[in-house]
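When a ligand or atom number is given, it counts from 1 through the structure's own listing order. Hydrogens, waters and symmetry mates play no part in the numbers below; they use all other heavy atoms, side chains included.
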Amino acid sequence: MSGNRTFTMIKPDAVEKNYIGAILEKINAAGFKIVAMKYTRLSKADAGEFYAVHKERPFYSDLVDYMSDGPIVAAILEKDNAVADFRELIGATNPEEAAEGTIRKLYAESISANAVHGSDSDENAQIEGNFFFSQLERH
Ligand code: GDP
């Protein structure tokens, strides 16, 4: 059974370009409710921990540098089939391959600075949401 929550971040490149409002509008228009949201900044240690699954990938240190380079917006989103539907809304990792109308096609600049994060499973949605929000903040 698929869950009804996913986790997203608006990444430093999109925050820097003042795309927060436009991206949140797309998220709401696609039927997601924002149930927790925070404007914050990751330290290098935070970013390293968040992306620990990618530790062995060649781009890991670039990714950690980039994600700690400026503020981000973290949010928990609610909708039926949230994880899969949100992955569809954001589009492929590489914006050049992302479908027309997707958030990455519209707002991302490169495969690393790709505007938004979206959880890839219900389990990770929960882990990632817990990374940013306490129990209290999610209610
Ligand atoms: P996602 O689930 O679509 O975000 O993609 P992945 O889980 O594969 O990768 C996590 C994040 O690492 C991506 O969103 C990008 O910010 C970054 N990334 C992925 N592939 C590359 C790459 O080949 N080069 C660089 N520099 N960054 C990458």
Checking heavy atoms under 4.0 Å, the part of Arg87 that sits near ligand 1 is side chain
List the steps, then state whether salt bridge (charged side-chain N to carboxylate O under 4.0 Å, His left out) holds for Arg87 with Asp120.
CA-CA 7 Å; Arg87 298 280 296 186; Asp120 63 4; 5.5 Å; no
Quick one: do the Asn114 and Lys11 side chains pair a donor with an acceptor below 3.5 Å?
yes
Ignoring hydrogens, just give me the one of Asn94, Asn124, Ile90, Ile111 whose non-hydrogen atom is nearest atom 15 (C) of ligand 1.
Ile111
For residues Asp13 and Tyr66, is any side-chain donor paired with an opposing acceptor at under 3.5 Å?
yes
Should Glu109 and Lys17 count as an ion pair when the cut-off is N to O under 4.0 Å?
yes
Considering only non-hydrogen protein atoms, determine which one is nearest to atom 27 (N) of ligand 1 and report residue, atom name and distance to 0.1 Å.
Ser112 CB, 3.4 Å
Subset of ligand 1 atoms that lie under 4.0 Å from at least one heavy atom of Arg57
8 (O)
If you measure every N/O of His54 against every N/O of ligand 1, is any gap under 3.5 Å?
yes
Quick check against the 3.5 Å criterion: does Asp69 have a side-chain atom that pairs as donor or acceptor with the backbone of Asp65?
no
Quick one: which of Thr102, Leu106, Ile90 gives a side-chain contact (heavy atoms from CB on, under 4.5 Å) with Lys26?
Leu106
What do you reckon, does Met67 put a non-hydrogen atom under 4.0 Å from ligand 1?
no
Using modelled atom types only, decide if a donor and an acceptor are shared between the side chain of Asn124 and the backbone of Ser119 within a distance under 3.5 Å.
no
Start with the C-alpha distance between Tyr60 and Tyr51, add both sets of side-chain angles, then the distance that settles ring-ring contact (aromatic ring centres under 6.0 Å, His included), and finish with yes or no.
CA-CA 8 Å; Tyr60 178 70; Tyr51 282 110; 8.1 Å; no
Kindly confirm or rule out an N or O of Tyr66 lying under 3.5 angstrom from an N or O of ligand 1.
no
Within the 4.0 Å heavy-atom cut-off, what Arg104 brings close to ligand 1 is side chain
May I ask you to identify the nearest protein heavy atom to atom 17 (C) of ligand 1, giving residue, atom name and distance to one decimal place in Å?
Leu63 CD1, 3.7 Å
Which protein non-hydrogen atom lies closest to atom 25 (C) of ligand 1, naming both residue and atom, and how far is it?
Phe59 CB, 3.4 Å
The one among Asp120, Asp13, Val116, Asn114 that brings a heavy atom closest to atom 13 (C) of ligand 1
Asn114
Identify whether the distance between the nearest side-chain nitrogen and carboxylate oxygen of Glu78 and Arg5 falls below 4.0 Å.
yes
Closest protein heavy atom (residue, atom, distance) for atom 3 (O) of ligand 1:
Thr93 OG1, 2.6 Å
For ligand 1, the portion of His117 having any non-hydrogen atom under 4.0 Å away
neither
